[in-house]
Amino acid sequence: MIIALKKSIRAEEQEHLIQWLESQGVRTHISEGEFQTIIGLVGDTTRIDTDLIRGLEFVEGVTRISEPFKKANRKFHPDDTVVTLNGGTAFGGGAFQMIAGPCSVESEAQVETIARAVKASGAGVLRGGAFKPRTSPYDFQGLHEEGIRILSEVKKMTGLPIITEIMDISHLPLFEDVDIIQVGARNMQNFELLKELGRIRKPILLKRGLANNIKELLMSAEYIMAGGNEQVILCERGVRTFETYTRNTLDLSAVAVLHELSHLPVVVDPSHATGAARYVKPMALAAAACGADGLMIEVHNDPQHALCDGPQSLTPEQFDDVAKAVRKVREAVLSDL
């Protein structure tokens, strides 16, 4: 349930209403917009008398929400959420970010070389896998703790904030210096992990699962937000279909749907979606045109010898070309708004 308050409400009236609502056994979530304040109610609202609340002179309206995701719902939070990292890098609310870097951390020299190149091309966040979930147990699994150490060192050298994927709750202490924790597609419904991430106050990038629908993605975001961590970035990375010419099928309609249903920023990963470097640029441009709040692109200085996902990785020169083209698309789209 959401309660829309009139702009004329006094602070003491709002506080009294919140106290009364919470005495009815529900939790309140306050969203203060430019023109209106919204009180979202989480919990069993069946005991709340909506007619009584509607009768209050400072209440604009009362609406019951049928969707099971509450905190991730735009009805709860009409304005876009802006997730801001230490240093000012922001996602959402008109802010657009390029996340770029290697699929997996291989060495400090490799990561530093790529980081300096993508930063020069306009990337705002450095990605790199320290823990790698692989289909085969014989494939490279990442450098683990050493990989995070390397990312942290390169962060100091370049000033780029870092994002890397978490695989297990027990690894959380290693992520102290990580700016955004990524939850990969395979862990989207690892609910114990999501609940633990809800207890920390660090941005989480949540990737859509290989065979999950939009509602399930938002319910996973709800797990994190229900724990108190509302710094969630959603990521569309393609879903598995019967198509074999691409690694997955990139669902760009999800960007528009997610923006309609939720206030959370949405990033698109064309690298994992297509699985082929030659398709990354057109999909990146399409994502920028349809309103994504950012892109996540794999970049490697020597893709042919990459230890992980070389075929879908761009070279630094290719990334620079994509970044320039994306900026042009965004300028064109914004000029028409």
Side-chain angles (χ1 to χ4, degrees), residues 72 79-103 114-115 118-129 159-165 178-185 202-208 214 217-218 221 224 230-238 250-260 262-274 280-299 312-314 319-334 337:
D79 297 328
D80 290 344
T81 283
V82 179
V83 176
T84 305
L85 312 184
N86 292 332
T89 302
F91 293 81
F96 183 92
Q97 294 297 332
M98 300 276 281
I99 304 171
C103 174
I114 297 169
V118 298
K119 181 179 181 180
S121 297
V125 180
L126 172 67
R127 63 146 293 149
L160 281 175
I162 55 176
I163 177 173
T164 193
E165 182 175 349
V178 174
D179 297 279
I180 307 174
I181 298 177
Q182 174 183 315
V183 176
K202 188 184 288 281
I204 309 297
L205 184 139
L206 179 65
K207 284 198 164 189
R208 183 179 177 183
I214 288 172
L217 172 61
L218 289 172
I224 300 170
E230 299 186 0
Q231 300 182 84
V232 179
I233 303 167
L234 305 173
C235 182
E236 166 57 37
R237 44 81 70 211
L250 181 57
D251 181 11
L252 287 179
S253 66
V255 176
V257 175
L258 286 169
H259 278 151
E260 179 182 55
S262 179
H263 53 91
L264 299 174
V266 182
V267 166
V268 171
D269 177 352
S271 301
H272 279 91
T274 63
V280 169
K281 182 177 180 178
M283 292 300 94
L285 299 182
C290 75
D293 298 297
L295 290 165
M296 191 173 193
I297 296 177
E298 292 191 353
V299 180
Q312 68 193 37
S313 298
L314 302 184
F319 176 75
D320 186 65
D321 175 60
V322 170
K324 289 175 180 175
V326 165
R327 284 194 288 272
K328 290 180 181 178
V329 167
R330 280 187 47 78
E331 288 170 4
V333 171
L334 291 174
L337 295 180

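Numbers here simply count residues along the sequence, with the first being 1. The shown structure was predicted, so the numbers you read here are calculated from the model rather than taken from an experiment.
- Put simply, the side chain of Ile99 reaches to within 4.5 Å of the side chain of Phe91, judged on heavy atoms.
- Considering only residues two or more places apart in sequence or on other chains, Lys328 meets the side chain to side chain contact (heavy atoms under 4.5 Å, CB included) condition with none of them.
- Contact record, Met283 with Pro270: CB-CB, 3.8 Å, taken as the closest heavy-atom pair.
- With salt bridges taken as basic N to acidic carboxylate O contacts below 4.0 Å, one links Arg127 and Glu298.
- Residues Glu236 and Leu250 meet the side-chain proximity criterion, which asks for heavy atoms closer than 4.5 Å.
- Once rounded to the nearest 0.5 Å, the distance linking CG of Leu218 with CG of Leu264 reads 7.5 Å.
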Expected list for residues 284-297: side-chain donor-acceptor pairs under 3.5 angstrom, two or more places apart:
from	atom 1	to	atom 2	distance (Å)
Asp293	OD2	His259	NE2	2.8
Asp293	OD2	Val266	N	2.8

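- In this structure, the side chains of Val280 and Thr274 come closer than 4.5 Å at one or more pairs of heavy atoms.
- The two residues Leu205 and Cys235 have their closest heavy-atom pair at CD2-CB, 3.6 Å.
- Nearest approach of Ala95 to Ala90, heavy atoms of both residues: CB-O, 3.5 Å.
- How far CD of Gln312 is from CG of Asp269: 7.5 Å, rounded to the nearest 0.5 Å.
- Residues passing the side chain to side chain contact (heavy atoms under 4.5 Å, CB included) test with Ala115, sequence neighbours excluded: Leu126, Val154, Thr158, Leu160.
- For His272, the ring pair (Phe, Tyr, Trp, His ring centres under 6.0 Å) criterion is met by no residue, not counting sequence neighbours.
- Legend: residues meeting side-chain hydrogen bond (donor to acceptor under 3.5 Å, both in side chains) with Asp320, ordered by chain and number and at least two apart, are Ser121, Lys324.
- Counting heavy atoms from C-beta outward, Ile214 and Arg208 have side chains that approach closer than 4.5 Å.
- Side-chain contact between Leu258 and Leu217 is present, with heavy atoms from C-beta onward closer than 4.5 Å.
- In this structure, Ala100 and Ala123 approach most closely via the heavy-atom pair CB-CB, 4.2 Å.
- For the atom pair OG1 of Thr164 and CD of Gln182, the computed distance is 7.0 Å after rounding to the nearest 0.5 Å.
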Please set out all donor-acceptor pairs under 3.5 angstrom arising from side-chain atoms of residues 82-89, sequence neighbours excluded.
none

